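Working notes, beginning with the structure itself.
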Amino acid sequence: TEMNNVKIYSYEYYFCTKKKRPTCSQRVVTGQKIEKQIIDILNRVSIPLEFHRWALDWLKQGNKEESADRSIILNSQQKAYDQCLKQIDSLIDMRANGELTAEEFADKKMELSKERIRLFELLNDTDGRVSNWLENAESWFGFARDAKEAFEKGDIYKKKAILSALGSKPTLKDKKLCVYLQKPLSLMAEASKGVSAEKAGFETAESLASTSKNRAFDPALASVLRG
């Protein structure tokens, strides 16, 4: 019968609830249009697969070149921290020998304790950056490579997670979605313009990466590297 052949269509709409602004004039927008705008944003930060491989090789090579400098910094900070501990021990001995009054001891101990905490935090910060920078970099470049496809194939929860990872303060105004991109993604979006323009004329990642326009990726890589 005709009733058995009825097709049911489902549509998703977004609209202002007017809880904060009862007079809000923003109109209804379909979920399909919002998703299309999110895909447009993902296209902006997307990087070619071959460039993703080159970028990770660049990062690993950069790590080798900078590891010596980081080791020097860590050793210097460790020596300063150890020296501070020795000064605290010496201070205790001086007080025990009666070389310092109780007031002098308290003042100097407070000063050295503050310095010990400062040096300890510096050590942890430097060590943490050494340990985590490559992991952070791989995560950002992996997102730029895979996010669009994952969004297109994902369920509503996956899509929300990707939108959240893109940036902060997503807003809708006049049916247009605005997202403040995370800094590394913002830099990638800017640099991707040059890469996309050059990509068609090159067959390999090496030739693509060697062009002057790819120097625009250096700020993005540096930002990722700093975490």
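Everything numeric here is computed off the predicted structure, so don't read it as measured data.
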Stepwise side-chain contact (heavy atoms from CB on, under 4.5 Å) check, Asp40 with Arg44: CA-CA 7 Å; Asp40 288 341; Arg44 284 166 46 202; 5.9 Å; no
Rounded distance [0.5 Å steps], CD1 in Ile34 versus NZ in Lys36: 13.0 Å
Derivation and outcome, side-chain contact (heavy atoms from CB on, under 4.5 Å), residues Leu119 and Gln77: CA-CA 7 Å; Leu119 291 170; Gln77 290 173 344; 5.8 Å; no
Cluster link Val45 to Tyr180, ILVMFWY, side chain under 4.5 Å: no
Under-4.0 Å salt bridge between Asp155 and Lys159: no
Throw together a table of side-chain donor-acceptor distances under 3.5 angstrom for residues 82-97, partners on residues two or more places apart or in other chains.
| residue | atom | partner | partner atom | Å |
| --- | --- | --- | --- | --- |
| Asp82 | OD1 | Gln78 | NE2 | 3.0 |
| Arg95 | NH1 | Leu100 | O | 2.8 |
| Asn97 | ND2 | Asp93 | O | 3.2 |

Gap separating the CD1 atom of Ile38 from the CD1 atom of Ile162, nearest 0.5 angstrom: 9.0 Å
Separation between CG of Leu42 and CG of Leu185, rounded to the nearest 0.5 Å: 9.0 Å
Please set out all donor-acceptor pairs under 3.5 angstrom arising from side-chain atoms of residues 171-179, sequence neighbours excluded.
none

From CD1 (Ile73) to CG (Leu122), nearest 0.5 Å: 10.5 Å
N/O donor to acceptor pairs below 3.5 angstrom from side-chain atoms of residues 104-117, sequence neighbours left out:
| residue | atom | partner | partner atom | Å |
| --- | --- | --- | --- | --- |
| Glu104 | OE1 | Thr101 | N | 3.0 |
| Glu104 | OE1 | Thr101 | OG1 | 3.4 |
| Ser113 | OG | Lys109 | O | 2.8 |
| Glu115 | OE1 | Arg118 | NE | 3.1 |
| Glu115 | OE2 | Arg118 | NH2 | 2.8 |

Value rounded to 0.5 Å, distance of OG in Ser46 from CZ in Phe143: 10.5 Å
For the student: nearest non-hydrogen atoms of Ala165 and Trp140, plus distance: O-CZ3, 4.5 Å
Heavy-atom neighbours of Glu149 CD exceed 12 at 6.0 Å: no
